[in-house]
Engineer: 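Provided herewith is a single structure, encoded as structure tokens, for subsequent inquiry.
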Amino acid sequence: SQKIEQNSEALNIQEGKTATLTCNYTNYSPAYLQWYRQDPGRGPVFLLLIRENEKEKRKERLKVTFDTTLKQSLFHITASQPADSATYLCAKGNQGGKLIFGQGTELSVKP
Amino acid sequence: GAVVSQHPSWVICKSGTSVKIECRSLDFQATTMFWYRQFPKQSLMLMATSNEGSKATYEQGVEKDKFLINHASLTLSTLTVTSAHPEDSSFYICSGLAGDRPYNEQFFGPGTRLTVL
């Protein structure tokens, strides 16, 4: 079965640095991957989507890459701020729009 | 962006009672809605897929008689947890799929915290 794996260990970085989160998948490449942000006690908020034929996608301070050879997506936040502290979820889309989520990586940006 | 609301935001109930959670898409028509459950420090687990006017499709291991889903209109889906037990205590989140969005971008509700005593 298809699995999405994220680093379960929390990532702690200093304000201003670039945060890099990893998402690995098994078996066949998904048509696209999505990245969401989730704050405690809240529902996920959509950030970025990248298709398998796209190498990179950017949105303001966010950048996502998709490497079908490595079966991996990287999510970068440049010039990180304490307000970026949250859990970031990677998700693979299935037929009919169903999403399979990774376990999420908690990011903490220290001032 | 599109907005999805859930009601209630939290609920505490006694074991054996039933609880209904509403999910509404406020500014778009959601032909498909999804229900997820999330335990502390874990990811979202899809429970069921709900299409307007038809029966919900449940994921493996989810009891359809315990988690009743109704998708009566393009803007409202409800999840009823019947005969709730403490192990049903969790964070329930719905999402709506806007059919006109490319690549099936989902919009999530704020979640409902259920505590069964």
Side-chain angles (χ1 to χ4, degrees), chain A residues 1-10 21-25 29-54 57 59-60 64 66 73 86-108, chain B residues 1-7 9-10 21 23-25 28 30-51 54 56-62 90-115:
Chain A
S1 61
Q2 186 73 233
K3 286 186 178 180
I4 299 291
E5 296 178 346
Q6 295 181 254
N7 189 347
S8 58
E9 290 184 16
L21 287 71
T22 304
C23 174
N24 296 294
Y25 60 90
S29 290
Y32 58 92
L33 288 169
Q34 300 185 13
W35 283 88
Y36 289 81
R37 167 181 174 146
Q38 186 177 26
D39 290 283
R42 307 292 295 174
V45 174
F46 173 80
L47 295 175
L48 281 169
L49 178 152
I50 186 166
R51 289 169 278 182
E52 63 176 335
N53 62 349
E54 295 177 318
K57 182 74 72 71
K59 179 182 177 182
E60 298 175 351
V64 172
F66 195 167
S73 175
T87 295
Y88 291 85
L89 302 167
C90 172
K92 166 194 169 300
N94 270 348
Q95 287 183 342
K98 288 168 57 172
L99 291 177
I100 298 174
F101 281 89
Q103 68 269 46
T105 298
E106 185 178 347
L107 172 66
S108 177
Chain B
V3 180
V4 174
S5 70
Q6 281 185 241
H7 178 80
S9 55
W10 59 270
I21 302 170
C23 175
R24 292 182 185 272
S25 56
F28 70 101
T31 53
T32 303
M33 285 184 170
F34 301 92
W35 286 94
Y36 297 83
R37 180 166 52 181
Q38 186 176 35
F39 293 104
K41 298 294 184 182
Q42 295 187 25
S43 190
L44 283 76
M45 296 300 295
L46 180 64
M47 298 175 66
T49 302
S50 168
N51 290 297
S54 62
T57 303
Y58 291 81
E59 295 299 302
Q60 193 172 9
V62 178
S90 188
F91 192 50
Y92 291 87
I93 308 173
C94 70
S95 70
L97 193 61
D100 60 345
R101 300 274 180 167
Y103 296 97
N104 302 325
E105 178 183 338
Q106 289 189 26
F107 301 96
F108 286 82
T112 296
R113 174 75 59 193
L114 171 63
T115 302

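Here is the naming used below: chain letters follow the sequence lines, and residue numbers restart at 1 for every chain. Below, each value reflects all heavy atoms present in this structure, side chains not excepted, and no hydrogens, waters or symmetry copies.
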Engineer: Looking at residues at least two apart in the chain, or sitting in another chain, which of them share a salt bridge (Lys or Arg N to Asp or Glu O under 4.0 Å) with A:Lys57?
Structural biologist: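 For A:Lys57 the salt bridge (Lys or Arg N to Asp or Glu O under 4.0 Å) partners, ignoring immediate neighbours, are A:Glu54.
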
Engineer: Rounded to the nearest 0.5 Å, how far does CZ of A:Arg42 lie from OG of B:Ser9?
Structural biologist: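 CZ of A:Arg42 is found 9.0 Å from OG of B:Ser9.
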
Engineer: Do B:Ile93 and A:Gln38 make a side-chain contact, defined as non-hydrogen atoms from C-beta onward lying under 4.5 Å apart?
Structural biologist: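 When only atoms from C-beta onward are counted, A:Gln38 and B:Ile93 do touch, with a gap below 4.5 Å.
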
Engineer: Which bit of B:Leu44 comes within less than 4.5 Å of chain A, counting heavy atoms only: side chain, backbone, both or neither?
Structural biologist: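 Both parts, heavy atoms under 4.5 Å.
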
Engineer: Would you find a donor on one side and an acceptor on the other, under 3.5 Å apart, between the side chain of B:Ser43 and the backbone of A:Gly104?
Structural biologist: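 Absent.
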
Engineer: Looking at B:Gln38, B:Gln6, B:Arg113, B:Gln42, which one has more heavy-atom pairs under 4.5 Å with chain A than the rest?
Structural biologist: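 The option with the most such pairs is B:Gln38.
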
Engineer: Measuring only between side-chain heavy atoms, which start at C-beta, is A:Phe46 closer than 4.5 Å to B:Gln106?
Structural biologist: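 No. Closest side-chain heavy atoms not under 4.5 Å.
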
Engineer: Contact part of A:Glu106 toward chain B, heavy-atom cut-off under 4.5 Å: side chain, backbone, both or neither?
Structural biologist: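 Only the side chain of A:Glu106 comes within 4.5 Å of chain B.
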
Engineer: Measuring only between side-chain heavy atoms, which start at C-beta, is A:Leu99 closer than 4.5 Å to B:Phe34?
Structural biologist: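 SC-SC contact between A:Leu99 and B:Phe34 ruled out.
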
Engineer: CG/A:Leu89 to CZ/B:Phe108 distance, rounded to the nearest 0.5 angstrom?
Structural biologist: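 So the gap between those two atoms works out to 8.5 Å.
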
Engineer: Out of A:Pro44, A:Gly41, A:Pro40, return the one with the most heavy atom pairs under 4.5 angstrom to chain B.
Structural biologist: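 Most heavy-atom pairs under 4.5 Å with chain B: A:Pro44.
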
